[in-house]
Q: 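One structure follows; several queries about it will come next.
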Amino acid sequence: MVQSWFHSLIGWILSSRNRSYAEFGPFAMVLKAAGEPAPLVLLSMRSGEAGAVIDRISGALSAKDSARGVDSMLAGADWRPHLVAAVALILDAGRRLDPTPLWAAIDAGSWVTPQLVATAYLIDASFPDRLRARVEAGCPIEVPSNLSPAERHRATGPATAEQRSAKLLASLLNIGMLVPGLAAWLKSAANSPQLAAVRSADRDNSGNIAENWLKNVESQFRSRHPVLVPACRR
């Protein structure tokens with residue numbers, strides 16, 4: 001499985017430069033820029049290249065039709081544009097962009113769900129309510145039905161629907177603990193038999209991924225904003 005995923009990733013790197021990404025508007029050039037591919041830089045946010053990629057996304061965000069480009073990046077199943085869109089949403093800080101497409105990508109089982117949940121925490125004032133609704137429902141995931149198994153594997157990564165639900169639940173639980181007023185409820189909910197069964201399918205330690213990505217984002221953005229204040233805590 002790991003080898004198959006690695007080969008899929010290499011194949012995408014080799015082919016991505018030939019795609020136009022026209023549907024992503026000004027963000028096409030971010031995805032096609034020379035050097036280490038932007039999605040790989042943003043996947044962990046630890047690379048020294050992250051600052052340069054964030055600057056390119058900031059430039060694209062100021063261009064005409066950037067809002068449509070962000071929505072388009074989140075509308076597809078491919079996780080790589082999702083990361084570029086996530087950074088655009090953080091840079092926008094809730095001024096113009098709608099967080100709803102971000103949640104649609106989360107609910108569709110994006111491979112980078114932990115990173116998208118951390119983004120939602122930062123930019124969406126309704127994060128607590130959206131979190132509660134998903135946790136109470138058991139974090140159902142609706143994987144895109146129009147993809148072949150091979151296409152789904154390349155776009156979203158290797159996982160079952162159950163594993164994607166577990167990834168979402170783990171991410172919501174860890175990030176939700178940062179929201180005042182949610183911690184006690186989350187601890188109680190997480191111990192229910194239903195959610196304990198869902199959590200047991202998480203094979204990626206997704207909650208820690210979400211937390212670590214959030215910390216790395218805060219570090220990368222420190223030179224741009226003194227403090228990234230989550231929208232739900234403003």
Q: Would you say the side-chain atoms of S165 pair up with the backbone N or O of C139, donor to acceptor, closer than 3.5 Å?
A: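 Such a contact is found between S165 side chain and C139 backbone.
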
Q: Just by modelled atom types, is the T113 backbone N or O under 3.5 Å from a matching donor or acceptor in the H82 side chain?
A: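 Checked: no pair found.
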
Q: Within the distance-only criterion (no hydrogens, no angle test), does the side chain of R95 pair as donor or acceptor with the backbone N or O of L91 below 3.5 angstrom?
A: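 Side chain of R95 to backbone of L91, a donor-acceptor pair under 3.5 Å: yes, one is there.
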
Q: Name the orientation class of the two ring planes belonging to W103 and F127 (parallel below 30°, tilted from 30 to 60°, perpendicular beyond 60°).
A: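 Tilted.
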
Q: Can you tell me how far the CD atom of E23 sits from the CE atom of M73, to the nearest 0.5 Å?
A: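 Reported to 0.5 Å precision, the distance equals 10.0 Å.
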
Q: Treat each ILVMFWY residue as a node, draw an edge where side-chain heavy atoms are under 4.5 Å apart, and state whether M29 and L83 are in one component.
A: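 Different clusters.
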
Q: Applying side chain to side chain donor-acceptor pair (under 3.5 Å) to S66 and R96, what does each step give before you reach the verdict?
A: CA-CA 10 Å; S66 60; R96 294 187 305 120; 2.9 Å; yes

Q: Kindly compute the distance separating NZ (K167) from CD1 (I141), expressed to the nearest 0.5 Å.
A: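 Those atoms lie 9.5 Å apart.
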
Q: To the closest 0.5 Å, what do you measure between CD1 (I90) and CD1 (I54)?
A: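 Output value for this atom pair is 8.0 Å.
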
Q: Is there side-chain contact between W111 and P158, with at least one heavy-atom pair below 4.5 Å?
A: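 W111 reaches P158 side chain to side chain.
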
Q: Can you tell me how far SG of C232 sits from CG of L182, rounded to the nearest 0.5 angstrom?
A: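 It comes to 8.0 Å.
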
Q: Using the side-chain contact (heavy atoms from CB on, under 4.5 Å) rule, pick out the option among L116, L97, D71, V70 that qualifies with L102.
A: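 One option only clears the test, and that one is L116.
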
Q: Quick one: CD1 on I175 to OG on S206, what's the gap to the nearest 0.5 Å?
A: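 The distance works out to 11.0 Å.
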
Q: Is the shortest distance from a Lys or Arg side-chain nitrogen in R132 or D129 to a carboxylate oxygen in the other one below 4.0 Å?
A: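 Looking at R132 and D129, the cut-off is not met.
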
Q: Report the distance from atom CD of E136 to atom CD of Q194, rounding to the nearest 0.5 Å.
A: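 So the CD of E136 and the CD of Q194 are separated by 10.5 Å.
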
